[in-house]
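Note sheet for the following structure.
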Amino acid sequence: MEKLRNIIENHLSRGIVLMDLVHYSSSDSIKITIDSPNNISVGDTSSLAKRIKNDDSISSIFPNGCRVEVTTPGIGSILVEKFQYQKNIGRKIQLEYHDDSSSTVSDIFLIVDVEDIGVVVSNNEKSQLITFENIISAKIKVSFD
């Protein structure tokens with residue numbers, strides 16, 4: 001799996017981050033999830049899939065061929081990287097985190113800013129900085145109102 005990861009990372013354009021890699025051995029398929037501080041187009045993902053599929057190293061791992069799927073994180077995906085929070089400033093977030101007393105808190109906030117150590121969020125009551133190390137789970141809250 002490490003060899004596969006290295007091959008894929010060699011094909012990533014500058015600024016694109018490999019978020020997840022899944023190899024389905026039963027069907028010889030690979031699902032690659034990428035993200036970037038900038039928008040990634042469908043053309044970008046299909047071009048990357050073609051480059052990976054046509055790599056001679058991939059052919060040696062999968063002599064009978066393989067299916068390569070390249071995608072970006074979906075709406076319900078958990079935010080992992082700092083740049084993902086930055087891309088979503090001004091949006092609501094479902095955040096689960098450890099507070100100062102090590103209790104687990106889960107609430108909906110508005111992302112106000114992103115700093116080196118964490119994300120500044122607010123609800124109607126107050127703004128606060130939640131450090132990345134205290135975040136358990138963060139998902140963009142999608143609403144149609």
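All values reported here derive from a predicted model rather than from experimental measurement.
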Ring geometry between Tyr85 and Phe132 (parallel below 30°, tilted from 30 to 60°, perpendicular above 60°):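 Answer is tilted, since the angle falls between 30° and 60°.
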Rounded distance (nearest 0.5 Å) linking atom [atom1] of [X] with atom [atom2] of [Y]:
X: Asn124; Y: Ile108; atom1: CG; atom2: CD1; result: 11.0 Å
X: Lys53; Y: Glu69; atom1: NZ; atom2: CD; result: 12.5 Å
X: Ile8; Y: Ile32; atom1: CD1; atom2: CD1; result: 3.5 Å
X: Ile136; Y: Ile78; atom1: CD1; atom2: CD1; result: 11.0 Å
X: Ile16; Y: Asp35; atom1: CD1; atom2: CG; result: 9.0 Å
X: Lys50; Y: Thr45; atom1: NZ; atom2: OG1; result: 10.0 Å

Hey, are the side chains of [X] and [Y] touching, using non-hydrogen atoms and a 4.5 Å cut-off?
X: Asp107; Y: Asn123; result: yes
X: Tyr97; Y: Thr131; result: no
X: Glu96; Y: Lys139; result: no

Is the backbone N or O of [Y] less than 3.5 Å from a side-chain atom of [X], with the two atoms forming a donor-acceptor pair by type?
X: Glu9; Y: Asn6; value: no
X: Ser60; Y: Ser57; value: yes
X: Asp28; Y: Tyr24; value: no
X: Ser103; Y: Asp99; value: no

Ser47 and Asp44: side chain donor to acceptor below 3.5 Å: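 The answer is no; no qualifying pair exists.
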Donor-acceptor pair between Ser122 and Gln128 side chains, under 3.5 angstrom: no
Carboxylate-amine/guanidinium contact Asp116 Lys82, below 4.0 Å: yes
For the hydrophobic clusters of this structure (ILVMFWY residues joined by side-chain heavy atoms under 4.5 Å, transitively), does one cluster hold both [X] and [Y]?
X: Leu21; Y: Leu12; answer: yes
X: Val68; Y: Ile7; answer: yes
X: Val70; Y: Val80; answer: no

Heavy atoms from other residues, nucleotides or ligands near NZ of Lys87 exceed 12 (cutoff 6.0 Å): yes
Ile111 to Val119 - nearest heavy-atom pair and separation: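 What the structure gives for the nearest pair is CG2-CG2, 3.8 Å.
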